[in-house]
Amino acid sequence: MIQALLAPLLNIAGNVASEFIEDKDKLNAFKAQLASQAINKDTELAKAARDVVVAEAKGESWLQRNWRPIAMLTFLGMLLSYWLGFGGVHAPETVLMEVFALLKIGIGGYIVGRSAEKAIKTYKE
């Protein structure tokens, strides 16, 4: 989740720490501990996000279980209608690229989620 920000933030924190920690071994140990804690926090956030998706998938309401696929199909329909020339509204290309990025994230998450779901079912059997 925060992987894109992790390296720059750790680099900045390491540069700031190098101003205060003169011993290279202690500085490297500090950087390693900082990186480890950041990775652990990212893992916790990913698990929390996974738990939300699992709770939605097991929900009682049809809409609760299916809003993500509906949203992805809506984004796909928007892009297809635009690319095929059916869209009356001419959105800026930046907006289209953002919609495409959302679609890529959604489809990627769906594929990973379904693969994990199948693997877990196979593992339990």
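Only this structure's heavy atoms are used, side chains among them; waters, hydrogens and symmetry mates stay out.
- Phe100 and Leu73 fall into different hydrophobic clusters, where Ile, Leu, Val, Met, Phe, Trp and Tyr residues are linked whenever their side-chain heavy atoms come under 4.5 Å apart, directly or through other members.
- Here the CD atom belonging to Glu44 is positioned 7.0 Å from the CG atom belonging to Asn40, to the nearest 0.5 angstrom.
- Hydrophobic clustering (side-chain heavy atoms under 4.5 Å, transitive across Ile, Leu, Val, Met, Phe, Trp, Tyr) groups Leu103 together with Trp83.
- No path of Ile, Leu, Val, Met, Phe, Trp and Tyr side chains, each step under 4.5 Å between heavy atoms, connects Ile39 with Ile12, placing them in separate hydrophobic clusters.
- A 4.5 Å side-chain heavy-atom check between Phe75 and Leu79 finds every atom pair outside the cut-off.
- Val99 and Met97 end up in different hydrophobic clusters when Ile, Leu, Val, Met, Phe, Trp and Tyr side chains are linked at under 4.5 Å.
- Judged by distance alone, the side chain of Ser36 and the main-chain N or O of Gln33 form no donor-acceptor pair under 3.5 Å.
- A distance of 10.5 Å separates CE of Met78 from CG of Leu76, quoted to the nearest 0.5 Å.
- Residues Leu27 and Gly14 approach most closely at CD1-O, 4.2 Å, considering heavy atoms.
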